[in-house]
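Before any comments, here is the structure.
Counting starts at 1 for both ligands and their atoms, following the listed order.
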Amino acid sequence: MRVGVLASGRGSNLQALIDAQAGGHLGPARLVCVLSNILDAPALERARRADLAAEFLDPRGLTREGYDAVIRDRLAHHRVELLCLAGYMRRLSGWFIDAFPGTILNVHPSLLPAFPGLHAQQQALDYGVAVTGATVHLVDIGLDSGPVVAQEAVSVLPDDSLATLSQRILAAEHRLYPSVVRAIAEGGHVVQGRRVSLRYS
Ligand code: GRF
């Protein structure tokens with residue numbers, strides 16, 4: 001299964017996928033390209049170091065729809081079958097999401113539907129929850145609102161700072177995302193309404 005990644009930033013989740021592949025832990029999934037809207041995104045450098053196609057796609061002067069058409073063309077060029085968002089900081093257009101039903105994944109640093117959007121770790125601290133975590137979900141038109149594929153819980157400790165909590169959630173993301181990609185590539189997944197089941201082969 002050919003996997004593409006959209007990333008805008010540091011790319012640690014991308015790195016987790018790269019490392020999983022290098023270690024033989026991604027099953028039949030194969031990373032084929034990393035696309036970014038940010039010229040100097042560290043994610044692109046990580047991709048180049050891993051010998052993946054790494055492409056900066058300049059959004060300047062394009063509408064959201066027009067930019068997503070550029071992405072669609074590059075994904076088609078690389079024959080991508082599963083698309084992973086990994087710190088991709090743009091919303092995708094409705095037509096784009098509809099064009100890839102059930103095949104766009106995102107990772108988010110909370111147990112959705114709690115704390116969608118930015119600063120999810122700070123939101124968890126501010127709210128005072130005892131448990132937060134990481135979620136891999138399918139992307140729909142809403143903000144972090146698509147069906148949940150997998151979650152890992154992370155306890156909030158009494159002396160947690162934003163940095164310590166974020167670090168433990170990130171470690172959970174790095175375990176969860178490759179394991180979901182592997183499971184989908186190996187056995188597929190079934191989406192029934194909001195419920196997603198992984199079919200382990
Ligand atoms: C992660 O916390 C992810 O959950 C969120 O954006 C962050 C990206 O980090 N969507 P990285 O670029 O993968 O290091």
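- How far CG of Leu6 is from CG of Leu92: 6.5 Å, rounded to the nearest 0.5 Å.
- For CZ of Arg30, the number of neighbouring non-hydrogen atoms (other residues, nucleotides, ligands) closer than 6.0 Å is 12 at most.
- For the residue pair Gln151/Thr135, the side-chain donor-acceptor check at 3.5 Å is satisfied.
- There is a side-chain donor-acceptor pair under 3.5 Å between His174 and Ser12.
- Protein residues lining ligand 1, listed by chain and number: Arg10, Gly11, Ser12, Asn13, Gly87, Val107, His108, Pro109, Glu173 [non-hydrogen atoms, distance under 4.0 Å].
- A salt bridge between Asp68 and Arg90 is absent, with no side-chain N of the basic residue lying under 4.0 Å from a carboxylate O of the acidic one.
- Here the NE2-OG distance, from His108 to Ser145, works out to 11.0 Å after rounding to the nearest 0.5 Å.
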